[in-house]
Amino acid sequence: MSKTPQAIRGTQDIFGADAEAFAFVVETFERVRKLYRFRRAEMPVFEKTEVFSRAIGETTDVVSKEMYSFDDRGGESLTLRPEFTAGIARAFLSNGWQQHAPVKLATHGPLFRYERPQKGRYRQFHQIDAEIIGAGEPQADVELLAMADHLLKELGIEGVTLHLNTLGDGDSREAWRAALVEHFREVKDELSEDSQERLEKNPLRILDSKDRRDQRFVADAPKIDDFLTDEAKAFFDAVTSGLDAAGVKWTRAESLVRGLDYYRHTAFEFIPDEGSEAAGKLGSQSTILGGGRYDGLMESLGGAPTPAVGWAAGIERLAMLVGAQEEKRVEIAVVVENSAREHDAIAAVSMLRRMGISTELFATGSPRKRYDKARKTDPGVLVSMDLREDGTARQNWVVTLPEITLQDEAFAAFTSRWDIPDDTY
RNA sequence: GCGAUCGUAGCUCAGUUGGUUAGAGCGCCGGUUUGUGGUACCGGAGGUCGCGGGUUCGAACCCCGUCGAUCGCCCCA
């Protein structure tokens, strides 16, 4: 006897009510994206490593230490996708999707990041994703965010707010970054160890440090607003006024920066409100949906300058907020009380299922306990098929939940073939 | 990568200061009762106590390592 292999760390097997919640998130996303006319796209789960390293940025945590990379048999370095955006951008360029631009794309599926697992964080996790490529107007940002907001409402998620910021255009962002480095460098010795490191690698991140030692200096740090060009400022104003017009509630988050290099202008996250029920369910993983504008990304992959904006949301995190969804009860349970009726029962369930009624057959195990077993599934209708003592067929039809779909049709179809005594219906 | 807590039947958990063949409930399988019924009773299968070392006359219990889970840091969805 060999040992049973274990699942890979950070992967999960999802079943039952949790799987239903997962499916509910995906189904709702599919429904909403069609309302907004986002088109479905499917991309490979792995790409050449450079697709991600060039697009996301070599110095980011994702690229520098979280990628699942390996050499294939031809010696080429490949990587399991850690996010959707880079792969979508590559697909856009390699397939000439410019011809469809501006194009609204939606996808969902598994992603891989080598991280320490914890609540709401896995090594193989799943996201839904929406992107608008080839649209440089603030209207695109507004539509994308309205869709995200709409989706959360359709999912019934409460207590989550859109946190919105602008990073300005490339020049604004660089000027701001330089000012921040200068500001924090003066007090470098008093910063936390983490932030001293961030000062070199990713100074913007110091702004949302949780360490008290850093927060003292964050308050009077240079503000992005002071570095915005007129164009960048007008862009952001157009986004916020558009959101107001669309009825999307938002809050300005001056210190919100996104980790990846490619973001420009709009950056946003949907975050549970402090102390809300949603915040409690998520633990320390607070962001459920995040994204922004990435006007520089296509060029980093060798394409023509192409404005784009997008977001992604963790399906597992959304599913946690949605809560476990009960699996639907079976509509009709058919019990074979006597093995001689097995073929009749098979005929009955196949007829009912073809009518579009969910049906379960109980014909195994002790005949005596089949009825009880069927009872426990709490069916809408319980049909038993038995033999009388004289050997003639006998069946009954017990309704426990009158409102199941197609009940009258099902009863009519059933009784056209098998008699049911009046006293059992 | 760092820190904390935790790993005993399929599931939820007991297991007294280290002391005989490791238990319960639920679930599963079978039987009896009931006999148009989600009942009750009886029985059964199922555990190398995560794994590997060590201490001890003796380890589920103490120590070390390892794997995994959970929670937090970092980072992110």
Side-chain angles (χ1 to χ4, degrees), chain A residues 1 3-12 15-16 25 56 59-67 81-85 108-130 148 160 192-195 197-198 201-202 204-206 208-211 256-260 268-272 282-292 310-321 333 335 337 362 364-379 382-386 388-389 394-398 400 420-421 423-425:
Chain A
M1 235 338 232
K3 279 186 189 159
T4 305
Q6 291 182 315
I8 303 299
R9 176 168 211 191
T11 65
Q12 29 173 4
F15 176 72
V25 170
I56 300 171
T59 62
T60 59
D61 280 17
V62 170
V63 170
S64 63
K65 51 190 194 194
E66 295 175 2
M67 293 206 302
R81 64 185 179 196
E83 61 144 44
F84 278 115
T85 306
H108 65 82
L111 302 164
F112 305 85
R113 253 124 87 164
Y114 191 89
E115 291 188 277
R116 189 78 177 263
Q118 59 181 270
K119 190 174 191 175
R121 177 203 284 175
Y122 306 94
R123 287 185 173 179
Q124 177 179 333
F125 59 106
H126 302 80
Q127 289 184 345
I128 51 180
D129 181 278
V160 171
S192 67
E193 297 75 18
D194 283 335
S195 283
E197 206 168 308
R198 283 190 275 240
K201 287 172 57 181
N202 200 344
L204 305 196
R205 288 239 79 101
I206 299 174
D208 53 13
S209 168
K210 289 169 190 163
D211 198 303
L256 188 154
V257 295
R258 305 273 313 155
L260 312 180
F268 53 85
E269 295 179 356
F270 282 79
I271 302 173
L282 282 170
S284 65
Q285 262 54 245
S286 55
T287 304
I288 58 168
L289 184 153
W311 57 250
I315 297 176
E316 288 88 348
R317 291 183 188 176
L318 290 170
M320 281 191 271
L321 297 184
V335 182
E337 304 246 26
F362 294 86
T364 59
S366 163
R368 178 161 277 154
K369 289 184 175 158
R370 290 176 193 171
Y371 188 92
D372 289 346
K373 211 193 277 183
R375 260 296 197 188
K376 283 184 183 170
T377 65
D378 198 21
L382 204 159
V383 178
S384 88
M385 307 189 84
D386 201 353
R388 290 179 198 279
E389 286 188 7
R394 139 191 195 113
Q395 40 274 322
N396 69 355
W397 183 278
V398 180
T400 58
I420 290 183
D423 63 326
T424 66
Y425 178 44

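Chain identifiers are assigned alphabetically (A, B, ...) following the order of the sequence lines, protein sequences preceding nucleic acid strands; residue numbering begins at 1 within each chain.
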N/O-N/O pairs, protein side and nucleotides 38-45 of chain B side, under 3.5 Å:
none

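If you check every strand for non-hydrogen atoms under 4.0 Å, A/G10 touches sugar and phosphate atoms only. Within 4.0 Å of A/Y122, counting heavy atoms only, lies at least one base atom of the nucleic acid.
Rounded to whole Å, the distance from CD1 on A/I271 to P on B/A77 is 11 Å. When rounded to the nearest whole Å, the span between CD of A/Q124 and P of B/A77 equals 17 Å. Rounded to whole Å, atom P of B/C76 lies 18 Å from atom CD of A/E316. Counting to the nearest Å, the C1' atom of B/U36 and the CD atom of A/E337 are 8 Å from each other. Computed from coordinates, the A/F84 CZ to B/A77 P distance equals 12 Å when rounded to whole Å. One can place NE2 of A/H126 at 16 Å from P of B/A77, the figure rounded to the nearest angstrom. Distance CD1 (A/I206) to P (B/C75): 10 Å, rounded to an integer number of Å. Taking atom CG on A/D211 and atom P on B/C75, their separation rounds to 11 Å, with Å as the unit.
Looking at heavy atoms from C-beta onward, A/P117 lies out of side-chain contact with A/Q12 at the 4.5 angstrom threshold.
Expressed to the nearest 0.5 Å, how far NZ of A/K373 lies from OG1 of A/T364 amounts to 4.5 Å. Annotation: the span from A/T287 atom OG1 to A/F268 atom CZ amounts to 11.5 Å, rounded to 0.5 Å. Annotation: the span from A/W397 atom CH2 to A/M385 atom CE amounts to 10.0 Å, rounded to 0.5 Å. Note that CD of A/E316 and CZ of A/F125 are 8.0 Å apart. Values are rounded to the nearest 0.5 Å.
Side chain of A/T287, nearest nucleotide from B/A69, B/A77, B/C29: B/A77. Listed nucleotides: B/C71, B/G68, B/C75. Nearest to the side chain of A/K119: B/C71. In this structure, the nucleotide among B/U36, B/U70, B/C73 sitting nearest to the side chain of A/D194 is B/C73. Of all nucleotides listed (B/C29, B/A77, B/C71), B/A77 comes nearest to the side chain of A/F125.
Nucleotides B/G30 and B/A69 place their C1' atoms 36 Å apart, quoted to the nearest Å. Here, B/C6 and B/C61 have their C1' atoms 15 Å apart, quoted to the whole Å. For the P atom pair drawn from B/U55 and B/A60, the interatomic distance equals 16 Å after rounding to whole Å. For the P atoms, the distance from B/U20 to B/G58 is 15 Å, rounded to whole Å. For the P atoms, the distance from B/C57 to B/C11 is 37 Å, rounded to whole Å. Comparing the same atom, C1', in B/C63 and in B/A22 gives a spacing of 23 Å after rounding to whole Å. Annotation: B/G50 and B/C67 have their C1' atoms spaced 8 Å apart (nearest Å). Here the separation of B/G46 from B/A24, taken at their C1' atoms, is 15 Å to the nearest Å.
Ion pair A/R258/A/E269 flagged as a salt bridge, since at least one NZ, NE, NH1 or NH2 atom sits closer than 4.0 Å to an Asp/Glu carboxylate oxygen.
Phosphate contact (OP1/OP2 of B/C75, side-chain N/O of A/K65, threshold under 4.0 Å): absent. The shortest distance between the side-chain N/O atoms of A/R113 and the OP1/OP2 oxygens of B/C76 is not below 4.0 Å. Between A/R258 and B/C76 there is no side-chain polar atom (N or O) within less than 4.0 angstrom of OP1 or OP2.
Judged by atom type and distance alone, A/R317 reaches the base of B/C76 through a side-chain donor-acceptor pair under 3.5 Å.
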Letter per nucleotide, 5' to 3', of nucleotides 1-10 of chain B [B base touched, S only sugar-phosphate touched, - untouched; heavy atoms, 4.0 Å]: BBB-------

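Residues A/S284 and A/R205 both approach RNA chain B. Their nearest nucleotides, taken by heavy-atom distance, put A/S284 toward the 5′ side. The residue among A/K210 and A/D386 whose nearest nucleotide of RNA chain B is located toward the 5' end is A/D386.
Crowding of A/E197 atom CD: a count of heavy atoms from other residues, nucleotides or ligands under 6.0 Å not exceeding 12.
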Dot-bracket encoding of pairs in RNA chain B, which uses [ ] for pseudoknotted crossings and | for another strand, Watson-Crick or G-U under 3.5 angstrom: (((((((..((((.....[...)))).(((((.......))))).....(((((..]....))))))))))))....

Test side chain to side chain contact (heavy atoms under 4.5 Å, CB included) applied to A/Q395 and A/I420, step by step: CA-CA 6 Å; A/Q395 40 274 322; A/I420 290 183; 4.2 Å; yes

